[in-house]
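So the structure is just underneath, and the comments pick up after that.
All heavy atoms count here, side chains included; hydrogens, waters and symmetry mates do not. None of these values were measured; they are calculated from a predicted model.
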Amino acid sequence: MPHSADPLAPAVQTAHDWLRAVADNLDTDAPAFAYRALRAWLHTVRDRINVSSSAHLAAQLPEILRGAYYEGWVPTHVPVRHGLAEFIRQFAREAGIDEDEVGPVAGAVTAALSELFSPGQLNRIFAVLPTHLYGVLCGARPEVEESLIEWQPVAVAEEADPVANLDNRIQYPGTR
């Protein structure tokens, strides 16, 4: 079938472009690994934000990746109130990596997505995540003692801008 006659070709190409960006940030030539890492990032974040924030995030995704984002999602069960240890276990399981690799892999995916999403999109998502999860998504290698980690929503004062100065908190892999 000629490329121009395939109505899904643009969606497939856009999904491949996103996967290539993630693979480049992970320094890998394995698209299957890049997909697993991206899917793990999307699912672990999706499960810890509210339905409205989730819909805004999904709207930014390429059509095909949006399907992967929503796969297995139960809107009545979010946000999941698990601590850091469960976040790391879920990410590692879905990405097919060891738990000690979650920070660097998640940070690489975050760095790629920061270039792909519209400006400010990740800041809005990070503003509603617990701070300890935010750190992992930005590449931190956390020490986890499950008994000490409890899920706490980030409190935001009505008059405060939850996104203001968030860029100052982001540390991308390879920068200090």
Side-chain angles (χ1 to χ4, degrees), residues 22 25-26 33-61 65-114 116-117 120-158 160-176:
V22 170
N25 273 27
L26 290 168
F33 173 60
Y35 176 73
R36 286 193 322 269
L38 175 59
R39 187 175 178 277
W41 192 100
L42 292 171
H43 285 183
T44 53
V45 169
R46 171 203 73 190
D47 292 347
R48 285 157 181 86
I49 60 178
N50 63 40
V51 173
S52 176
S53 295
S54 188
H56 286 286
L57 183 65
Q60 297 267 325
L61 293 169
L65 295 178
R66 198 174 311 133
Y69 179 80
Y70 283 121
E71 180 184 0
W73 188 50
V74 181
T76 57
H77 295 166
V78 295
V80 174
R81 286 166 172 77
H82 290 299
L84 181 59
E86 181 53 33
F87 179 87
I88 290 169
R89 277 194 293 271
Q90 179 185 353
F91 192 104
R93 183 177 57 251
E94 289 199 32
I97 59 175
D98 292 333
E99 289 182 11
D100 65 339
E101 296 175 290
V102 168
V105 170
V109 174
T110 298
L113 292 177
S114 71
L116 296 166
F117 283 130
Q121 178 63 47
L122 287 182
N123 289 347
R124 287 186 289 279
I125 296 303
F126 290 157
V128 299
L129 282 175
T131 306
H132 58 276
L133 302 184
Y134 165 82
V136 174
L137 289 169
C138 291
R141 288 185 188 255
E143 295 290 323
V144 177
E145 185 175 328
E146 180 140 17
S147 63
L148 299 177
I149 306 295
E150 293 295 324
W151 185 86
Q152 295 292 326
V154 176
V156 177
E158 286 185 31
D161 178 3
V163 183
N165 298 321
L166 196 53
D167 280 331
N168 296 336
R169 291 175 41 197
I170 296 176
Q171 291 183 6
Y172 295 100
T175 64
R176 294 246 175 222

Nearest-0.5 Å distance, CD of residue E71 to CG of residue L65: 12.0 Å
Sub-4.5 Å side-chain heavy-atom contact between F91 and I97: yes
Separation of L113 CG from I125 CD1 (nearest 0.5 Å): 11.0 Å
Any donor-acceptor N/O pair, N50 side chain to S53 backbone, under 3.5 Å: yes
Main-chain N/O of A68 paired to R39 side chain as donor or acceptor, under 3.5 Å: no
Parallel, tilted or perpendicular: ring planes of F117 versus W41, cut at 30 and 60 degrees: tilted
Rounded distance [0.5 Å steps], CG in L116 versus CD in Q121: 12.0 Å
Distance (rounded to the nearest 0.5 Å) between H43 NE2 and L38 CG: 9.0 Å
Side chain S114, main chain A111, donor-acceptor under 3.5 Å: yes
Side chain proximity check, V80 to F87, heavy atoms < 4.5 angstrom: no
Side chain proximity check, F126 to L133, heavy atoms < 4.5 angstrom: no
Side-chain (T110) to main-chain (L137) donor-acceptor, under 3.5 angstrom: yes
Nearest heavy atoms of A95 and A37, plus distance in Å: CB-CA, 4.2 Å
Worked check of side chain to side chain contact (heavy atoms under 4.5 Å, CB included) between R36 and E94: CA-CA 7 Å; R36 286 193 322 269; E94 289 199 32; over 6 Å; no
Shortest non-hydrogen contact from Y70 toward A55: OH-CA, 3.9 Å
Minimum heavy-atom distance between L26 and A34, given as atom pair plus value: CD1-CA, 4.0 Å
Nearest-0.5 Å distance, OH of residue Y134 to CG of residue L122: 10.0 Å
A108 to N25 - nearest heavy-atom pair and separation: O-ND2, 3.3 Å
Atom pair CZ (R93) and OG1 (T44), whose distance is rounded to the nearest 0.5 Å: 10.5 Å
Full working for side chain to side chain contact (heavy atoms under 4.5 Å, CB included) between R48 and L129: CA-CA 7 Å; R48 285 157 181 86; L129 282 175; 4.0 Å; yes
